[in-house]
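The analysis underlying the following values was restricted to heavy atoms, covering all of them including side chains, and did not include hydrogens, waters or symmetry mates. Remember, it's a predicted structure, so these values are computed and weren't measured experimentally.
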Amino acid sequence: MIRNILGSVVALAGAASAVLSPFRDWYGGRAGHDYRVAELFEGITPTESGVLVSILLPFLGAALLVVLGVVLRSRLVVALAGLVVLGFTILWMVRQGQAAGSLVVGGDGEGLQVGVVNALAGGVLMLIGALLMAGRRSRRERERKPVEPFAVPAADQVDTWPPTQEPGMSVQTSPWPEPEVDPYTGPDPRDPRDARTRSYPQAAPHPEDDPRDPVHPPHPPPPPPPQQG
């Protein structure tokens, strides 16, 4: 969305620059709307042209393409408008160079002037705007449903959180953690089949396992006093 807005603004700025360029001086103090569109294909002549049949006409068409591309969010249409502006401007430069013998850039009004710069900048801005735009999503992307996260099950459902995504009851039906399993895998002394294991002598406890106090061992009770006869 942000890319489409940014690209649209840049492309529209380029279209405005291109449309305004024919009203500026292009070469030798001659404005762009003084060049007829036909002169770009037949050769430059000193005859002045009307505004509606001048080089302004293809630039207006390119501006309409930009507006249409922004509405449709079509990068191809906006890029095509930029190529139209650049193409007609470069074609004019070729014809003007043939008519004048060479193209010069002069600050005294005898060479290429600001109108040509505006036209070239407008075409470049249109291409940049087309690159910045994200364009429209394809039909497959629009029909693709977003992946929704797991919803918390209702209180009356047997399955607990998190869902198991498998048919049947959940393995864990209690909200409390499962008790840890005793890692001892030896014979069970309560099993009658392993009664023989109960006859094994038990090892004596280690001194450190003695519950009595090793520093203060318990004393035997004192003997009773002798009875006097």
Side-chain angles (χ1 to χ4, degrees), residues 1-45 47-139 141-142:
M1 184 53 128
I2 298 179
R3 290 185 56 186
N4 284 329
I5 295 176
L6 181 60
S8 301
V9 171
V10 174
L12 290 175
S17 178
V19 171
L20 292 177
S21 65
F23 298 94
R24 312 291 295 273
D25 292 340
W26 277 49
Y27 194 86
R30 189 176 180 182
H33 59 76
D34 291 337
Y35 297 93
R36 291 180 299 143
V37 177
E39 293 180 359
L40 302 181
F41 303 95
E42 300 173 356
I44 301 296
T45 63
T47 305
E48 294 185 0
S49 171
V51 177
L52 296 181
V53 293
S54 67
I55 198 174
L56 176 64
L57 183 61
F59 287 179
L60 285 176
L64 293 178
L65 285 178
V66 170
V67 175
L68 180 63
V70 169
V71 173
L72 299 178
R73 291 183 295 178
S74 176
R75 302 173 60 185
L76 182 60
V77 175
V78 176
L80 179 61
L83 293 177
V84 168
V85 173
L86 291 177
F88 275 90
T89 304
I90 294 174
L91 181 59
W92 172 88
M93 295 174 65
V94 172
R95 293 300 185 184
Q96 181 62 42
Q98 292 176 351
S102 62
L103 287 178
V104 295
V105 179
D108 54 353
E110 296 298 330
L112 294 175
Q113 295 180 344
V114 66
V116 181
V117 177
N118 290 147
L120 293 175
V124 172
L125 288 177
M126 293 179 191
L127 293 179
I128 295 176
L131 293 176
L132 292 177
M133 292 176 63
R136 301 183 61 181
R137 294 185 302 173
S138 62
R139 181 178 180 182
E141 293 179 354
R142 292 195 302 267

Inset, instruction - List in chain and number order the residues that pass side-chain contact (heavy atoms from CB on, under 4.5 Å) with Val19, two or more places apart in sequence or in another chain; answer none if no residue qualifies. - result: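 Listed in chain order: Leu56, Leu60, Ala63.
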With the side chain counted from C-beta on, respond yes when [X] and [Y] share a heavy-atom pair under 4.5 Å apart, and no when they do not.
X      : Y     : result
Val94  : Leu40 : no
Ile44  : Tyr27 : no
Leu112 : Gln96 : no
Ile55  : Asp34 : no

Inset, instruction - With sequence neighbours left out, write down each residue that passes ring-ring contact (aromatic ring centres under 6.0 Å, His included) with Tyr35, or none if nothing qualifies. - result: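 Only Trp92 meet the ring-ring contact (aromatic ring centres under 6.0 Å, His included) criterion with Tyr35.
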Which heavy-atom pair separates [X] from [Y] by the least distance, and what is that distance?
X     : Y     : result
Pro58 : Val37 : CD-CG2, 3.9 Å
Ala11 : Val66 : O-CG1, 3.7 Å
Gly29 : Asp25 : O-OD1, 3.7 Å
Ser54 : Gly32 : CB-O, 4.5 Å
Leu65 : Ala81 : CB-CB, 3.7 Å
Val70 : Ser8  : CG1-OG, 3.5 Å

Inset, instruction - Using salt bridge (charged side-chain N to carboxylate O under 4.0 Å, His left out) as the criterion, list what pairs up with Arg36, not counting sequence neighbours. - result: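 Partners of Arg36 under the salt bridge (charged side-chain N to carboxylate O under 4.0 Å, His left out) test: Glu39.
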Please report the interatomic distance [atom1]([X]) to [atom2]([Y]), rounded to the nearest 0.5 Å.
X      : Y      : atom1 : atom2 : value
Ile5   : Met133 : CD1   : CE    : 10.5 Å
Met126 : Ser17  : CE    : OG    : 8.0 Å
Arg30  : Glu48  : CZ    : CD    : 7.0 Å
Leu120 : Ile90  : CG    : CD1   : 7.0 Å

Inset, instruction - Please answer whether the main-chain N or O of Val116 pairs with a side-chain N or O of Arg24 as donor and acceptor at a distance below 3.5 Å. - result: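 No, the answer is negative, given that no donor and acceptor are paired below the 3.5 Å cut-off.
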Legend entry - Donor-acceptor under 3.5 Å (Arg3 side chain, Leu132 main chain):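 Checking the backbone N and O of Leu132 against the side chain of Arg3, a donor-acceptor pair under 3.5 Å is found.
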